[in-house]
Amino acid sequence: MKKRVMVDMSATLIHHGHIRLLKKASKYGDVIVGLTTDEEIKKKKGYDPELSFDERKEILESIKYVKEVVPTPWLIDEAVLEKYNIDLLVHGHDNSNQVSEDKLIIFPRTEGISSTILRERVMKAYAQKKSQNILLTPGPATTTYSVKLAQIVDDICPREKEFGDVMKWISQELTSIVADNKKYTTVLFGGSGTAAVESILTSVIPEDKKVLIINNGAYGERMCQISNRYGINFSEFKSSPIQPIDFNKLEEVIKKEENLSHLAVVHNETTTGLLNDLNKIGELAEKYNLDLIVDAMSSYGAIPIDMEKQNIKYLAASSNKNLQGMAGVSFVIAKKEALEKLKNVKPKSFYLSLYEQYNFFEKHNQTRFTPPVQTMYALKQAIVELKEEGVENRYKRYSKSWETLTQGLKKLGLQYVVDDKHHSKIITSILLPENLDFDDLHDYFYEKGFTIYPGKVKDLNTFRIANIGDIDYRDIERFLELFAEYLNHKD
Ligand SMILES: Cc1ncc(COP(=O)(O)O)c(C=O)c1O
């Protein structure tokens, strides 16, 4: 009579390691698989197996080395062997089954494979998957699967040191993109990008001083709105939303203003894609001893910025644009020396007080209030991916997409509002032909997996296409093909 040999396994994800084990065991007699039940797996490992007991049983029964499959608990003891008339038990060298030695055969495991390894491989493949939805919006932008998945973490209290260390790392990495950590630091907030801009404006301008805000688009306008709301002393320098700033005029205004202490500008005006010249603005700030505030929301992480060289004291950005992270983290990068001086400036906001947030983080490695925990983990992964690609290469990728876009637009007979010389190559504001309706265009693209964005230029009927995020020129080519089809149907 052939011996009855039990091989106990949970085989939640069946792989060649299992097959090799079963083949070897079959040399000793008829193989009876002791298959761990779903309940036991849940109890011992904490998850529902990917394949249910019945599914695992069906697969195992069809393997030629297997005679029978029976349900077993996590650990096999003499009682189980007796119940199924088993002569020998086969297990890997991690055996903890309680059976007498003369009935036990230990086999080494197959190197390099296990359900855990397979699960990790599946996660990796999943992470490499491209998003089905292409966001041609100026943020949130299309993210990688690995950034999406990075949000799935064990629950953690953000007051734990482990989480503080994650934020410290994020803060330092964010600083190093544009400045030296010795002289500059990054202050993190939970909030959208506007929170960072609002934090700066409400925290840094003393009661008896004034900020001059360069307004050449919706985001310059927003800085004026924020200042208005909080009663911050400001003057507005209005400039064309599509033409570069007239620096002579700007200098004249600076000269005339009294009590001016700060100058504020949006680097890449996301309204149009007009790129304001930070070198020239920084020179003016230095010449007139003004602290320069830059809203770099849609340039940071792609377009090179050097805070020290460009005399920038405070810079605002967020997690969900060129960083390709999730929305919810807003941050201010600032010169430490300037932050220290804020001790003597009364902030107008409680939550967004820049000095208090900075000081608290310096002391405790914590934000003052609950941070967006999972968004931070996604941001950490997004930074890892930015470092892998490199800021320069990221901008090259974006630029190639932008060139593909603008060449394609020209072929389609469409015009964009800012000339190439002053363009950020990040977001493009396109004139909507009179016979087209934005909502209809939007819905057409949305159904095909592309999200486009409405325009924001006063007195011009425009829509916007951003070429940031985890996309490349091929996605833009596909977008252009679809656009051509749309226009053909309209004719
Ligand atoms: C230049 C600029 N500033 C500020 C913001 C506001 O950011 P949020 O919508 O995340 O508050 C944006 C958003 O697009 C922006 O492009």
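Both ligands and their constituent atoms are indexed starting at 1 by order of listing. Fair warning: this is a prediction, and the values are worked out from it, not measured in the lab.
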* Give the residue and atom name of whichever protein heavy atom lies nearest to atom 12 (C) of ligand 1, and the separation in Å to one decimal. => Y219 CE2, 3.2 Å
* **Protein heavy-atom partner closest to atom 3 (N) of ligand 1 - residue, atom, separation in Å** => D295 OD2, 2.5 Å
Below 3.5 angstrom, do we get any N/O pair linking [X] and ligand 1?
{"X": "T270", "answer": "yes"}
{"X": "N320", "answer": "no"}
{"X": "S192", "answer": "yes"}

Return the [atom1] to [atom2] distance between [X] and [Y], rounded to the nearest 0.5 Å.
{"X": "N359", "Y": "E362", "atom1": "CG", "atom2": "CD", "result": "7.5 Å"}
{"X": "Y351", "Y": "F189", "atom1": "OH", "atom2": "CZ", "result": "8.0 Å"}
{"X": "N276", "Y": "S299", "atom1": "CG", "atom2": "OG", "result": "10.0 Å"}

* Determine the sole option in P138, S330, S318, S192 for which the side-chain contact (heavy atoms from CB on, under 4.5 Å) test with M297 is passed. => S318
* Structure fact -> Among A296, G193, P138, closest by heavy atom to atom 10 (O) of ligand 1 is G193
* May I ask you to check whether F331 and Y300 place their ring centres under 6.0 Å from each other? => yes
* To do: Could you walk me through whether Y473 and Y398 pass the ring-ring contact (aromatic ring centres under 6.0 Å, His included) test, one step at a time?
  => CA-CA 8 Å; Y473 72 97; Y398 288 178; over 10 Å; no
* Asked: At a 4.0 Å threshold, what atoms of ligand 1 neighbour a non-hydrogen atom of V266?
  -> 1 (C)
Residue portion contacting ligand 1 (non-hydrogen atoms closer than 4.0 Å) for [X]:
{"X": "T194", "result": "both"}
{"X": "E269", "result": "neither"}
{"X": "R222", "result": "side chain"}

* Is a salt bridge present between K313 and E337, judged by a nitrogen-to-oxygen distance below 4.0 Å? -> no
* Under a 4.0 Å N-O cut-off, is there an ion pair linking E403 with K425? -> yes
* **K321 near ligand 1 by a heavy-atom separation under 4.0 Å** => yes
